[in-house]
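Reviewing the structure listed below.
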Amino acid sequence: MSATVITITSGKGGVGKTTTTANLGIALAMQGKRVVVFDGDVGLRNLDIVMGLENRIVYDVIDYVEGRCRLRQALVRDKRVTAGELYLLPTAQTRDKSAINPRQMVMVCDELRKDFDYILIDSPAGIEQGFQNALAPADRVLVVLNPEVSSVRDADRVIGLIEARGKGPAQLIVNRLAPQRVRKQEMLSVQDIVSVLSTEVIGIVPEDEAILSASNRGIPVVLNGKTPAAQAFHDIALRLLGHQVPLVEPQSVSWWQRLLGLS
(Lines give C-alpha, C1' and ligand atoms only; values in the text may rest on other atoms or scores of the structure.)
Protein backbone atom coordinates (compact mmCIF):
# COMPACT_ATOMS: atom_id res chain seq x y z
CA MET A 1 0.00 0.00 0.00
CA SER A 2 1.31 3.46 -0.87
CA ALA A 3 -0.85 6.47 -0.13
CA THR A 4 -1.58 9.34 -2.48
CA VAL A 5 -0.65 12.65 -0.85
CA ILE A 6 -3.06 15.46 -1.70
CA THR A 7 -2.16 18.99 -0.61
CA ILE A 8 -5.12 21.34 -0.22
CA THR A 9 -4.04 24.94 -0.48
CA SER A 10 -5.18 28.45 -1.39
CA GLY A 11 -3.81 31.85 -2.20
CA LYS A 12 -5.53 33.61 0.67
CA GLY A 13 -6.97 32.62 4.02
CA GLY A 14 -10.63 32.28 4.84
CA VAL A 15 -11.72 30.54 1.64
CA GLY A 16 -12.70 27.28 3.36
CA LYS A 17 -9.54 25.24 2.94
CA THR A 18 -9.58 23.58 6.37
CA THR A 19 -13.30 22.78 6.09
CA THR A 20 -12.61 21.28 2.66
CA THR A 21 -9.78 19.11 4.03
CA ALA A 22 -11.93 17.77 6.87
CA ASN A 23 -14.94 16.99 4.69
CA LEU A 24 -12.95 15.39 1.87
CA GLY A 25 -11.04 13.27 4.36
CA ILE A 26 -14.26 11.99 5.87
CA ALA A 27 -15.89 11.47 2.46
CA LEU A 28 -12.94 9.37 1.28
CA ALA A 29 -13.00 7.32 4.47
CA MET A 30 -16.75 6.76 4.00
CA GLN A 31 -15.79 5.15 0.66
CA GLY A 32 -13.82 2.55 2.61
CA LYS A 33 -10.40 4.18 2.32
CA ARG A 34 -7.77 4.56 5.03
CA VAL A 35 -7.19 8.29 5.34
CA VAL A 36 -5.02 10.71 7.32
CA VAL A 37 -5.86 14.41 7.44
CA PHE A 38 -2.63 16.24 8.27
CA ASP A 39 -2.69 19.77 9.69
CA GLY A 40 0.21 21.60 8.05
CA ASP A 41 -0.45 24.98 9.65
CA VAL A 42 2.10 25.03 12.48
CA GLY A 43 1.14 27.53 15.20
CA LEU A 44 -2.35 28.17 13.83
CA ARG A 45 -3.90 24.73 13.80
CA ASN A 46 -7.67 24.56 13.29
CA LEU A 47 -8.28 21.20 11.66
CA ASP A 48 -8.68 19.55 15.07
CA ILE A 49 -11.47 21.99 16.01
CA VAL A 50 -13.33 21.65 12.71
CA MET A 51 -13.25 17.87 13.17
CA GLY A 52 -14.21 18.00 16.85
CA LEU A 53 -11.05 16.15 17.94
CA GLU A 54 -9.22 18.92 19.82
CA ASN A 55 -9.70 17.31 23.25
CA ARG A 56 -8.11 14.03 22.19
CA ILE A 57 -4.71 15.37 21.11
CA VAL A 58 -1.75 14.16 23.19
CA TYR A 59 1.14 14.42 20.72
CA ASP A 60 1.56 16.20 17.38
CA VAL A 61 3.74 15.93 14.29
CA ILE A 62 6.41 18.21 15.79
CA ASP A 63 6.68 15.86 18.78
CA TYR A 64 7.33 13.04 16.31
CA VAL A 65 9.87 14.97 14.24
CA GLU A 66 11.75 15.95 17.42
CA GLY A 67 11.73 12.38 18.78
CA ARG A 68 9.29 12.66 21.69
CA CYS A 69 6.82 10.08 20.36
CA ARG A 70 6.22 7.49 17.69
CA LEU A 71 4.21 8.57 14.66
CA ARG A 72 1.34 6.26 15.58
CA GLN A 73 1.07 7.99 18.97
CA ALA A 74 0.48 11.34 17.27
CA LEU A 75 -2.42 10.03 15.17
CA VAL A 76 -5.93 10.61 16.52
CA ARG A 77 -8.58 8.13 15.32
CA ASP A 78 -11.98 9.52 14.32
CA LYS A 79 -14.31 6.70 15.32
CA ARG A 80 -17.38 8.25 13.70
CA VAL A 81 -16.30 6.79 10.35
CA THR A 82 -16.74 3.02 10.23
CA ALA A 83 -16.63 2.15 6.51
CA GLY A 84 -12.94 2.97 6.25
CA GLU A 85 -10.49 4.54 8.70
CA LEU A 86 -9.86 8.20 9.41
CA TYR A 87 -7.05 9.72 11.46
CA LEU A 88 -6.01 13.27 12.29
CA LEU A 89 -2.31 14.14 12.43
CA PRO A 90 -2.27 17.44 14.33
CA THR A 91 0.49 19.99 14.38
CA ALA A 92 1.87 22.14 17.20
CA GLN A 93 -0.08 25.11 18.47
CA THR A 94 2.80 26.92 20.17
CA ARG A 95 5.57 26.68 17.59
CA ASP A 96 6.28 28.55 14.36
CA LYS A 97 6.51 27.22 10.83
CA SER A 98 10.29 26.76 11.06
CA ALA A 99 9.69 23.85 13.47
CA ILE A 100 9.41 21.55 10.45
CA ASN A 101 10.97 21.74 6.99
CA PRO A 102 10.08 20.31 3.56
CA ARG A 103 12.46 17.37 3.93
CA GLN A 104 10.83 16.38 7.22
CA MET A 105 7.35 16.72 5.73
CA VAL A 106 8.36 14.28 2.99
CA MET A 107 9.79 11.92 5.62
CA VAL A 108 6.56 11.99 7.66
CA CYS A 109 4.40 11.36 4.60
CA ASP A 110 6.66 8.57 3.36
CA GLU A 111 6.21 6.86 6.73
CA LEU A 112 2.42 7.28 6.54
CA ARG A 113 2.25 6.04 2.93
CA LYS A 114 2.97 2.50 4.10
CA ASP A 115 -0.34 2.12 5.94
CA PHE A 116 -2.82 4.47 4.29
CA ASP A 117 -4.58 5.12 0.98
CA TYR A 118 -4.80 8.92 1.16
CA ILE A 119 -3.01 11.66 3.08
CA LEU A 120 -4.68 15.07 2.88
CA ILE A 121 -2.49 18.01 3.94
CA ASP A 122 -4.22 21.19 5.09
CA SER A 123 -1.74 23.80 3.87
CA PRO A 124 -1.39 27.24 5.45
CA ALA A 125 -2.64 30.07 3.28
CA GLY A 126 -0.09 32.13 1.39
CA ILE A 127 3.19 31.25 -0.29
CA GLU A 128 5.73 31.26 2.55
CA GLN A 129 7.45 28.49 4.52
CA GLY A 130 4.27 26.65 5.50
CA PHE A 131 3.16 26.45 1.87
CA GLN A 132 6.57 25.12 0.82
CA ASN A 133 6.34 22.47 3.56
CA ALA A 134 2.88 21.33 2.51
CA LEU A 135 3.76 21.21 -1.18
CA ALA A 136 6.95 19.15 -0.82
CA PRO A 137 5.37 15.67 -0.44
CA ALA A 138 2.35 16.30 -2.70
CA ASP A 139 1.31 13.92 -5.47
CA ARG A 140 -1.75 16.07 -6.27
CA VAL A 141 -2.66 19.64 -5.36
CA LEU A 142 -6.14 21.08 -4.93
CA VAL A 143 -6.51 24.87 -4.84
CA VAL A 144 -9.56 26.15 -2.97
CA LEU A 145 -10.89 29.54 -4.00
CA ASN A 146 -14.00 31.65 -3.68
CA PRO A 147 -15.72 33.08 -6.78
CA GLU A 148 -14.41 36.61 -6.30
CA VAL A 149 -11.73 38.56 -8.11
CA SER A 150 -9.20 38.79 -5.27
CA SER A 151 -9.40 35.06 -4.53
CA VAL A 152 -8.97 34.17 -8.21
CA ARG A 153 -5.96 36.47 -8.52
CA ASP A 154 -4.32 34.89 -5.47
CA ALA A 155 -5.09 31.41 -6.78
CA ASP A 156 -3.41 32.32 -10.07
CA ARG A 157 -0.21 33.15 -8.21
CA VAL A 158 -0.32 29.88 -6.25
CA ILE A 159 -0.99 27.81 -9.38
CA GLY A 160 2.11 29.33 -10.97
CA LEU A 161 4.24 28.34 -7.96
CA ILE A 162 2.80 24.81 -7.97
CA GLU A 163 3.70 24.39 -11.63
CA ALA A 164 7.16 25.91 -11.14
CA ARG A 165 7.90 23.23 -8.54
CA GLY A 166 6.74 20.41 -10.80
CA LYS A 167 3.69 19.61 -8.68
CA GLY A 168 1.05 20.49 -11.26
CA PRO A 169 -1.29 20.51 -12.83
CA ALA A 170 -3.33 21.75 -9.90
CA GLN A 171 -7.09 21.31 -9.78
CA LEU A 172 -9.63 23.81 -8.48
CA ILE A 173 -12.38 23.60 -5.88
CA VAL A 174 -14.72 26.56 -6.22
CA ASN A 175 -16.17 27.08 -2.75
CA ARG A 176 -19.20 29.08 -1.56
CA LEU A 177 -20.78 29.55 -4.95
CA ALA A 178 -24.15 31.31 -4.73
CA PRO A 179 -26.10 30.99 -8.01
CA GLN A 180 -28.33 33.98 -7.27
CA ARG A 181 -25.31 36.23 -6.86
CA VAL A 182 -23.74 34.87 -10.04
CA ARG A 183 -26.87 35.79 -11.98
CA LYS A 184 -26.79 39.30 -10.49
CA GLN A 185 -23.11 39.53 -11.53
CA GLU A 186 -22.14 40.00 -7.89
CA MET A 187 -20.01 36.86 -8.03
CA LEU A 188 -17.89 35.19 -10.71
CA SER A 189 -19.28 32.12 -12.46
CA VAL A 190 -17.32 28.89 -12.76
CA GLN A 191 -16.87 29.64 -16.46
CA ASP A 192 -15.37 33.03 -15.58
CA ILE A 193 -12.90 31.38 -13.22
CA VAL A 194 -11.85 28.71 -15.72
CA SER A 195 -11.36 31.29 -18.46
CA VAL A 196 -9.00 33.27 -16.21
CA LEU A 197 -7.05 30.40 -14.65
CA SER A 198 -7.18 27.79 -17.47
CA THR A 199 -7.22 25.12 -14.77
CA GLU A 200 -9.48 22.10 -14.36
CA VAL A 201 -12.27 22.34 -11.78
CA ILE A 202 -12.69 19.14 -9.74
CA GLY A 203 -15.47 20.42 -7.51
CA ILE A 204 -18.03 23.13 -6.93
CA VAL A 205 -19.29 23.60 -3.37
CA PRO A 206 -22.38 25.80 -3.05
CA GLU A 207 -22.94 28.34 -0.30
CA ASP A 208 -24.55 26.32 2.47
CA GLU A 209 -25.56 27.58 5.91
CA ALA A 210 -25.11 24.08 7.29
CA ILE A 211 -21.31 24.31 6.94
CA LEU A 212 -20.87 27.05 9.55
CA SER A 213 -23.00 25.37 12.17
CA ALA A 214 -21.37 22.01 11.45
CA SER A 215 -17.85 23.44 11.81
CA ASN A 216 -18.74 25.21 15.05
CA ARG A 217 -20.01 21.92 16.50
CA GLY A 218 -17.01 19.91 15.30
CA ILE A 219 -19.25 17.76 13.09
CA PRO A 220 -18.19 18.20 9.44
CA VAL A 221 -21.17 18.55 7.15
CA VAL A 222 -20.62 15.24 5.34
CA LEU A 223 -21.45 13.48 8.61
CA ASN A 224 -24.64 15.44 9.08
CA GLY A 225 -27.08 14.58 6.32
CA LYS A 226 -27.37 15.32 2.62
CA THR A 227 -27.11 19.08 2.37
CA PRO A 228 -25.96 20.57 -0.96
CA ALA A 229 -22.43 21.10 0.36
CA ALA A 230 -22.25 17.56 1.77
CA GLN A 231 -23.23 16.13 -1.60
CA ALA A 232 -20.63 18.32 -3.31
CA PHE A 233 -17.85 17.00 -1.05
CA HIS A 234 -18.95 13.42 -1.63
CA ASP A 235 -18.85 14.05 -5.40
CA ILE A 236 -15.32 15.48 -5.18
CA ALA A 237 -14.19 12.43 -3.22
CA LEU A 238 -15.62 10.15 -5.90
CA ARG A 239 -13.77 12.11 -8.60
CA LEU A 240 -10.53 11.78 -6.63
CA LEU A 241 -11.15 8.03 -6.65
CA GLY A 242 -11.49 8.09 -10.44
CA HIS A 243 -15.27 7.92 -10.80
CA GLN A 244 -16.91 9.84 -13.61
CA VAL A 245 -19.22 12.19 -11.71
CA PRO A 246 -20.72 15.03 -13.79
CA LEU A 247 -19.63 18.51 -12.75
CA VAL A 248 -22.76 20.62 -12.52
CA GLU A 249 -22.83 24.27 -11.49
CA PRO A 250 -25.41 24.67 -8.68
CA GLN A 251 -28.69 26.33 -9.54
CA SER A 252 -30.74 28.46 -7.21
CA VAL A 253 -34.00 27.06 -5.91
CA SER A 254 -37.11 29.24 -6.00
CA TRP A 255 -39.48 29.60 -3.05
CA TRP A 256 -42.18 27.53 -4.76
CA GLN A 257 -39.75 24.68 -5.48
CA ARG A 258 -38.87 24.58 -1.79
CA LEU A 259 -42.58 24.74 -0.90
CA LEU A 260 -43.34 21.77 -3.13
CA GLY A 261 -40.33 19.82 -1.93
CA LEU A 262 -38.60 19.90 -5.32
CA SER A 263 -35.24 21.14 -4.04
Side-chain angles (χ1 to χ4, degrees), residues 5-26 35-66 68-69 71 73-76 78 86-109 112 119-138 141-146 148 150-151 154-155 157-158 161-162 165 167 170 173 175-176 205 211-221:
V5 179
I6 303 174
T7 294
I8 299 172
T9 189
S10 67
K12 61 183 291 188
V15 299
K17 178 171 42 57
T18 298
T19 299
T20 297
T21 304
N23 281 285
L24 285 184
I26 294 170
V35 183
V36 177
V37 289
F38 181 175
D39 195 331
D41 200 352
V42 182
L44 292 172
R45 77 180 188 207
N46 283 307
L47 190 54
D48 57 319
I49 294 175
V50 170
M51 297 188 70
L53 298 174
E54 66 273 18
N55 293 327
R56 295 182 51 205
I57 294 173
V58 178
Y59 296 106
D60 58 54
V61 68
I62 306 303
D63 289 318
Y64 169 67
V65 167
E66 296 181 349
R68 288 185 291 276
C69 71
L71 186 55
Q73 290 177 291
L75 292 170
V76 179
D78 190 334
L86 179 67
Y87 292 84
L88 166 69
L89 179 56
T91 193
Q93 218 173 356
T94 57
R95 303 287 294 275
D96 62 34
K97 291 174 176 56
S98 64
I100 191 167
N101 60 44
R103 178 186 58 79
Q104 291 168 324
M105 287 288 288
V106 171
M107 179 267 292
V108 170
C109 288
L112 291 170
I119 302 162
L120 274 58
I121 302 176
D122 182 21
S123 168
I127 56 175
E128 305 304 327
Q129 177 68 42
F131 169 73
Q132 308 296 340
N133 289 343
L135 194 60
V141 184
L142 307 181
V143 177
V144 181
L145 74 161
N146 295 155
E148 56 186 54
S150 62
S151 183
D154 291 341
R157 170 71 169 140
V158 166
L161 293 172
I162 292 166
R165 285 159 179 75
K167 295 292 184 175
I173 296 177
N175 193 31
R176 298 175 184 152
V205 183
I211 288 182
L212 180 59
S213 60
S215 295
N216 286 338
R217 290 182 293 126
I219 306 173
V221 72

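Between F131 and L161, some side-chain heavy-atom pair lies under the 4.5 Å cut-off. Residues L24 and I8 form a side-chain contact, since some pair of their non-hydrogen atoms from C-beta on lies under 4.5 Å apart. T19 has its side chain out of reach of V221: every pair of non-hydrogen atoms, C-beta onward, lies at least 4.5 Å apart. Two residues are said to be in side-chain contact when any heavy atoms from C-beta on lie closer than 4.5 Å; N175 and V15 fail this criterion. Counting heavy atoms from C-beta on, the side chains of V158 and I127 come closer than 4.5 Å. Within the 4.5 Å cutoff, no side-chain heavy atoms of I211 are placed close to those of N23. Side chains of Y64 and L89 form no contact here, defined as non-hydrogen atoms less than 4.5 Å apart.
Taking each heavy atom of G14 and N146 in turn, the nearest pair found is O-OD1, 4.0 Å. The two residues K167 and L135 make their nearest non-hydrogen contact at CE-O, 3.4 Å. Here the shortest heavy-atom pairing between R45 and T91 reads NH1-O, 2.7 Å. When all heavy atoms are compared, the tightest approach of V143 to S10 is CG1-CA, 4.4 Å. Of all heavy-atom pairs spanning P137 and V5, the tightest one is O-CB, 3.5 Å. Closest approach of V37 and G25 over heavy atoms only: CG1-CA, 3.8 Å.
Counting heavy atoms of neighbouring residues, nucleotides and ligands inside a 6.0 Å radius, atom OH of Y59 does not exceed 12 of them. For R157, the CZ atom counts as loosely surrounded, since its 6.0 Å shell holds 12 or fewer non-hydrogen atoms of other residues, nucleotides or ligands.
Between the CD1 atom in I121 and the CG atom in D41 there is a gap of 12.5 Å [rounded to 0.5 Å]. In this structure, CZ on R176 lies 9.0 Å from CD on E148, to the nearest 0.5 angstrom. Rounded to the nearest 0.5 angstrom, I100 CD1 and M107 CE are separated by 7.0 Å. We find the CD1-CE distance between I26 and M51 to be 4.5 Å, quoted to the nearest 0.5 Å. Here the straight-line distance linking atom CG of L142 with atom CD1 of I173 works out to 4.5 Å at 0.5 Å rounding. The structure places CG of L53 at 8.0 Å from CG of L86, a figure rounded to the nearest 0.5 Å.
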Report task. Give the intermediate values and the outcome of side chain to side chain contact (heavy atoms under 4.5 Å, CB included) for residues L75 and L112. Result -> CA-CA 10 Å; L75 292 170; L112 291 170; 4.2 Å; yes
Report task. For the pair R68 and I62, evaluate side chain to side chain contact (heavy atoms under 4.5 Å, CB included) and give the outcome as yes or no after the intermediate values. Result -> CA-CA 9 Å; R68 288 185 291 276; I62 306 303; 4.3 Å; yes
Requested in this report: Please step through side chain to side chain contact (heavy atoms under 4.5 Å, CB included) for the pair E66 and R95, ending with a clear verdict.
Outcome: CA-CA 12 Å; E66 296 181 349; R95 303 287 294 275; 2.6 Å; yes
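The closest donor-acceptor contact from the side chain of T9 to the backbone of S123 lies at 3.5 Å or more, if one exists at all. With hydrogens and angles disregarded, no donor-acceptor distance shorter than 3.5 Å links the side chain of K12 to the backbone of A125. Checking side-chain atoms of D122 against main-chain N and O of L47 turns up no donor-acceptor pair under 3.5 Å. In terms of modelled atom types and a separation under 3.5 Å, the side chain of D63 and the main chain of D60 share a donor-acceptor contact. Side chain of N101 to backbone of R103: a donor-acceptor contact under 3.5 angstrom is found.
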